[in-house]
**Q** 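One structure coming up, written as structure tokens, with questions to follow.
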Amino acid sequence: MDNTVTLNEVLDLAKRLSPLDKLRLIERVAPQIEQELKSATVAPRQSLRGLWKGLDITEQDIDQIRQEMWRNFPSKDI
């Protein structure tokens with residue numbers, strides 16, 4: 001037995017409510033949503049500063065990669 005209610009089912013039921021009952025529904029649901037959003041843990045973003053630190057990339061390496069990238073540009077199939 002699956003008692004799961006879908007969003008469309010809830011919306012269909014909400015459409016049948018009177019405007020006053022719709023307002024009461026919003027007043028009851030909004031605080032619950034606020035609590036859930038406040039308690040949701042957001043993973044801190046990792047800083048990208050120093051991402052390449054410790055890698056030994058020379059200008060010659062960059063030039064070589066650029067040449068490889070642009071070697072077939074523009075290709076005939078474009």
Side-chain angles (χ1 to χ4, degrees):
M1 273 176 24
D2 189 17
N3 292 334
T4 307
V5 179
T6 66
L7 175 62
N8 287 334
E9 292 172 339
V10 172
L11 291 174
D12 289 339
L13 291 172
K15 288 177 185 177
R16 296 183 201 168
L17 294 173
S18 69
L20 182 59
D21 285 338
K22 287 178 185 177
L23 180 62
R24 289 179 182 151
L25 175 65
I26 292 170
E27 288 175 341
R28 288 187 182 181
V29 173
Q32 293 174 359
I33 295 171
E34 283 184 54
Q35 280 299 104
E36 290 174 7
L37 289 175
K38 285 180 185 176
S39 66
T41 57
V42 177
R45 294 182 179 176
Q46 182 179 0
S47 172
L48 298 178
R49 177 165 283 193
L51 180 67
W52 300 104
K53 185 178 181 179
L55 293 179
D56 187 24
I57 299 175
T58 64
E59 288 190 38
Q60 291 82 14
D61 294 334
I62 294 171
D63 289 339
Q64 180 184 358
I65 296 298
R66 281 188 183 141
Q67 289 174 3
E68 290 176 17
M69 287 174 40
W70 292 99
R71 184 177 314 145
N72 294 326
F73 184 80
S75 62
K76 294 178 183 179
D77 61 345
I78 293 181

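If you read the sequence from its start, that first residue is 1, and numbering goes on from there.
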**Q** Does Q46, at its CD atom, have more than 12 non-hydrogen atoms belonging to other residues, nucleotides or ligands within less than 6.0 Å?
**A** no

**Q** Among the clusters formed by ILVMFWY side chains lying less than 4.5 Å apart, do V10 and I26 turn up in the same one?
**A** no

**Q** To the nearest 0.5 Å, what is the distance between NZ on K53 and CG on L55?
**A** 11.5 Å

**Q** Output the distance between atom CD1 (I33) and atom CD (Q35), rounded to the nearest 0.5 Å.
**A** 11.5 Å

**Q** For L23, enumerate each residue passing the side-chain contact (heavy atoms from CB on, under 4.5 Å) test, keeping only those at least two apart in sequence or located in another chain.
**A** E27

**Q** Hey, any chance L11 and V5 share a hydrophobic cluster, counting ILVMFWY side chains that come within less than 4.5 Å of each other, even indirectly?
**A** no

**Q** Might you point out which heavy atoms bring L25 and A14 nearest each other, and give the distance in Å?
**A** CD2-CB, 4.3 Å

**Q** Compare every heavy atom of D61 with every heavy atom of D56, then report the nearest pair and how far apart it is.
**A** O-OD2, 3.8 Å

**Q** Show the nearest heavy-atom pair for residues E68 and R71, with the distance to one decimal.
**A** CG-NH2, 3.2 Å

**Q** Hey, what do you get for CG (L13) to CG (D21), rounding to the nearest 0.5 Å?
**A** 12.5 Å

**Q** For residues I65 and F73: do they belong to one hydrophobic cluster (side chain heavy atoms under 4.5 Å, members Ile, Leu, Val, Met, Phe, Trp, Tyr)?
**A** yes

**Q** Looking at CG of L7 and CG of D12, how far apart are the two atoms once the value is rounded to the nearest 0.5 Å?
**A** 9.5 Å

